[in-house]
Structure formats: structure tokens, C-alpha cells
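Report on the following structure.
Being a predicted model, the structure only gives us computed values, none of them experimental.
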Amino acid sequence: MKLYGFGPTRSLRALWGLRELDAEFEFEVVNLLAGEHQRPEFLRLNPAGKVPVLIDGDLVIPESAAIVLYLADKYPQRKLLPADLKVRAEVYRWVMFAMTELEQPLWRIARNTFVLPQEKRVPQDVSLAREDFTAMATVLERHMEGRAFIVGDAITAADCVTAYLMDWANEERLLEGKPNLQAYLKRMYDRPTAPQRIAEAAASIRAAA
């Protein structure tokens, strides 16, 4: 397998899944700063021009959460997706929650603070997105009371997808007053299989520039 990715992006989420599963893979850097994601050869893999992309034989999978779920199915013995259908449904539920309710406001903040050119940014949307994230993070904060993992008593795909978002939120100081999520963030990144933190990956990119 080969994973195309770059630094402090959602590539870290896919890397987490691969490392948690102890899967063999190559990592191919797609330098977003150099515009490599817009080259024709990469756009053939993902017309959206975004990382990560996983290649497994003749199968091409963009979208980080889809990559994690695919890997979990590919290595069932690792149990990132529980065999029990009801428990598996809970994993799906929290993966979707992470992607729709938690990631979207974080992405809106990023777009309107540094991704978009200055003239296209909407400062008002940053405060609205912070409110949206806080409301939904409160749901997860309550859910994590007395829990080590999001579903069950072991790591699942839901954790591989969500832990990266907690790090992202922490960078935006959005976990203040949420002790369960702060403890969860530390616990997840204390795992030997954890990828780099976002700040570390960003620092590596700056150092290499």
C-alpha cells in the first residue's frame, strides 16, 4: 500500500489507522506548498486535489475517514471495527459525527483564518464556527465521561478519526473547560502508535522549507 499525504493535514488520521494496524505501507509526500496536489498525475488519483489518498493494488481511496474504515475492514483481526453489528453501528455513528459536526466548523475556522486569501475570508464565520464546534464538542465531552475510548473498551476507527480533531481543536484553544476531551487527547497521543501532533508536523515542514 502507498499513502499520499503531507505534514499536518488529515494525512495524520490515515497514518494513525495504518500504524494502529501495524500495516506495511509507503508514504509518498505530496507537497501542498509546492502545488503538487494540482499536478495532473495526482489529480488522476483524486480529482478533488486533496490528501490523503491510499493506493492498495488497483484500488484508490481518497478521504481520510474512508481510508481508516477501509483499513479497519482489511485487517479485521485488529478489531478497529467491532464484529458485533450494534457496536459497529456506534463506531459508524461517531465517525460520522466527527466528520460532520466536529471537523466542519474546524475547517471553516481554518479557511477563514489562513487557507483562503485575505479578501475571501469571512471573519464573522470564525466566531460562528467556534460556537458550532463548542456545542457539538460538549456532546462528545459528556459522552466521554468515565470512558477511555469513544466506543467500547478498546480503540476503534472512531478514535483514529476523532483524536486528530481533538488535537486540531486544541490548537484553536477550543478544548478549554472540557476536561474529558483534554484527558482523551493526552491518552490517545500517549499511545506508541500515535502519529505526530499537528504542531510537530507543521514544525517539520517549516524546518524542511
With sequence neighbours left out, which residue pairs that include part of residues 119-142 fulfil the ring pair (Phe, Tyr, Trp, His ring centres under 6.0 Å) condition? none

Identify, with sequence neighbours excluded, every residue that meets side-chain hydrogen bond (donor to acceptor under 3.5 Å, both in side chains) alongside S11. T9

Looking at every non-hydrogen atom in both residues, tell me the closest pair between V95 and A158 and how far apart they are. CG2-CA, 3.7 Å

Is there a side-chain contact between I150 and Y184 in this structure, where contact means two heavy atoms from C-beta onward sitting under 4.5 Å apart? yes

What is the minimum heavy-atom distance between L181 and E141, and which atoms define it? N-OE1, 2.9 Å

Could you note down all residue pairs passing salt bridge (charged side-chain N to carboxylate O under 4.0 Å, His left out) where residues 117-126 supplies at least one of them, sequence neighbours left out? R108-D125

side-chain hydrogen bond (donor to acceptor under 3.5 Å, both in side chains) partners for R10, two or more places apart: E103

So side chain to side chain donor-acceptor pair (under 3.5 Å) across residues 199-209, not counting sequence neighbours, yields Q196-S204

Following the transitive rule for hydrophobic clusters with a side-chain heavy-atom cut-off under 4.5 Å over Ile, Leu, Val, Met, Phe, Trp and Tyr, establish whether V51 and L59 coincide in one cluster. yes

Suppose the criterion is salt bridge (charged side-chain N to carboxylate O under 4.0 Å, His left out): which pairs have a residue in residues 54-66, not counting sequence neighbours? D56-K74

Over all atoms of both residues, closest heavy-atom pair of L54 and I67: N-CD1, 3.7 Å

Acceptor/donor pairs from residues 25-43 side chains to any protein atom, 3.5 angstrom cut, sequence neighbours excluded:
residue : atom : partner : partner atom : Å
N31     : OD1  : L33     : N            : 2.9
N31     : OD1  : A34     : N            : 3.1
E36     : OE1  : N31     : N            : 2.8

Checking the side chain of D159 only, and the main-chain atoms of T156 only, is there a donor and an acceptor separated by less than 3.5 Å? yes

Give me each pair satisfying salt bridge (charged side-chain N to carboxylate O under 4.0 Å, His left out) with a member in residues 160-169, each pair once, sequence neighbours excluded. D167-R197

Using a 6.0 Å cut-off, check whether atom CG of D153 has over 12 heavy atoms from anything other than its own residue. no

Heavy-atom distance under 4.5 Å between the side chains of I109 and L174, does that happen here? yes

Does a side-chain heavy-atom distance below 4.5 Å link D73 with L81? yes

Which pairs pass ring pair (Phe, Tyr, Trp, His ring centres under 6.0 Å) with one or both residues in residues 83-119, sequence neighbours excluded? W94-F97, W94-H143

SG/C160 to CG/L12 distance, rounded to the nearest 0.5 angstrom? 12.5 Å

Is a side-chain N or O of E172 found less than 3.5 angstrom from the main chain of L106, in a donor-acceptor match? no

A157 versus V68, closest heavy-atom pair with distance: CB-CG1, 3.8 Å

Same apolar cluster: V122 and L128, side chain cutoff 4.5 Å: no

Does atom NZ (K178) have a neighbourhood of more than 12 heavy atoms from anything else shown, all under 6.0 Å? yes

Do side-chain atoms of R191 reach the backbone of E20 as a donor and acceptor pair under 3.5 angstrom? no

Spacing of I155 atom CD1 and K79 atom NZ [to the nearest 0.5 Å]: 14.5 Å

With no hydrogens and no angle check, is any side-chain donor or acceptor of N180 less than 3.5 Å from a backbone partner on R142? no

Contact summary for A98 and L165, nearest pair of heavy atoms: O-CD1, 3.4 Å

If the condition is side-chain contact (heavy atoms from CB on, under 4.5 Å), which residues does R78 pass it with, not counting sequence neighbours? L21, D22, Y75

Answer with yes or no whether the hydrophobic clustering places V126 together with L116; edges join I, L, V, M, F, W, Y residues whose side-chain heavy atoms lie under 4.5 Å apart. no

Taking only residues two or more places apart in sequence, or in another chain, which ones meet Y189 in a side-chain hydrogen bond (donor to acceptor under 3.5 Å, both in side chains)? none

Quick one: does R88's side chain get under 4.5 Å of V151's, heavy atoms only? no

Between L175 and Q182 the two heavy atoms that sit nearest each other are O-NE2, 2.8 Å

Side chain to side chain contact (heavy atoms under 4.5 Å, CB included) assessment of L80 paired with L71: CA-CA 9 Å; L80 283 188; L71 291 168; over 6 Å; no

With the side chain counted from C-beta on, respond yes when L140 and M166 share a heavy-atom pair under 4.5 Å apart, and no when they do not. yes

Only counting residues at least two apart or in another chain, list the ones meeting side-chain hydrogen bond (donor to acceptor under 3.5 Å, both in side chains) with T134. none

